[in-house]
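Report on one structure; see the data block that follows.
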Number of protein chains: 2
Amino acid sequence: MSEIHDAMFRALSDPTRRGLFERLCREGDTTVVGLLSGAGVSQPVVSRHLKVLKSAGLVRDRHEGRYTYYSAERAALRTLVDWTSEMSGFWNDRFDDLDNLLRRMDQ
Amino acid sequence: MSEIHDAMFRALSDPTRRGLFERLCREGDTTVVGLLSGAGVSQPVVSRHLKVLKSAGLVRDRHEGRYTYYSAERAALRTLVDWTSEMSGFWNDRFDDLDNLLRRMDQ
DNA sequence: ATGACACATAGCCATATAGGTATGAGTATG
DNA sequence: CATACTCATACCTATATGGCTATGTGTCAT
């Protein structure tokens with residue numbers, strides 16, 4: 001159940017890797033060489049980070065001749081939004097409970 | 001700027017640590033011993049995970065006699081929601097651009 | 001005061017991981 | 001066909017990290 005979250009948060013925990021993901025969110029389809037500029041690391045490192053992001057379901061790749069285009073995976077973002085919403089929800093529920101408790105105490 | 005995100009994603013990347021945070025979101029104020037049951041690790045490990053979560057701004061602690069109560073930090077969740085929203089926003093913007101492009105091409 | 005309890009820190013170890021260079025596999029181009 | 005190019009993999013190394021046990025610090029209870 002939470003293995004998906006494990007992989008996603010793990011993948012996003014590294015700044016370099018999260019930077020790549022953010023660029024893919026901003027710029028869409030991009031090749032490895034395209035991502036290389038500004039990444040601050042070597043090409044093999046970029047490739048490996050992309051592999052991690054892919055196995056975490058955060059990006060997809062598409063082959064076109066000798067180029068490989070990577071792009072952010074929309075479903076993954078959805079999963080993240082759901083998780084944060086769930087956590088926020090718990091937080092709000094607790095305050096609702098507190099609210100109810102106070103109301104009951106008030107009577 | 002993104003050092004906050006670094007610390008947060010890093011803190012949430014470990015399953016044990018994220019489990020603790022989720023419990024704090026669900027159950028609110030809890031002591032270390034309270035969190036210990038079901039954590040699957042020793043008390044010192046729990047304490048260290050909580051320290052990491054705290055320095056990432058994800059939880060706060062409150063001392064009461066010999067007890068220390070930890071609780072989830074609402075602002076941190078907000079930061080996460082903002083980040084995921086921003087990423088989703090980029091994604092949508094790109095599709096708006098594509099949409100505009102297709103419209104222009106259509107004329 | 002003494003013992004029990006709650007929690008944090010220190011020190012240790014095994015493993016994971018991010019980075020590098022070298023190289024391989026596949027594709028376009030002259 | 002030979003060369004250049006794109007990308008991935010293999011391999012190595014240094015460091016980070018998560019787990020443990022032992023112990024320290026502070027607080028409550030008897």
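Letters A, B, ... are given to chains in the order of the sequence lines, protein chains preceding strands, and every chain is numbered from 1.
- Across the protein-nucleic acid pair, B:L20 atom CG and C:dA8 atom C1' stand 15 Å apart, rounded to whole Å.
- Counted within 6.0 Å of CZ on A:R23, heavy atoms from surrounding residues, nucleotides or ligands total more than 12; the atom is thus considered enclosed.
- A:Y69 belongs to a hydrophobic cluster whose remaining members, ordered by chain and number, are A:Y67; membership requires side-chain heavy atoms of ILVMFWY residues under 4.5 Å apart, directly or through intermediates.
- Following rounding to the nearest Å, B:E64 (CD) and D:dT27 (P) show an atom-to-atom distance of 13 Å.
- Note on A:R18 versus B:D6: salt bridge recorded, some NZ/NE/NH1/NH2 to OD/OE distance being below 4.0 Å.
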Protein within reach of the bases, or only the backbone? For nucleotides 6-22 of chain D, mark each nucleotide 5' to 3' as B, S or -, using heavy atoms under 4.0 Å.
SBBB-------SBBBBB

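- Between A:F9 and B:F9, the ring planes are tilted. Angles from 30° to 60° get that label.
- Side-chain heavy-atom separations under 4.5 angstrom define the hydrophobic clusters, and B:V33 shares its cluster with no other residue.
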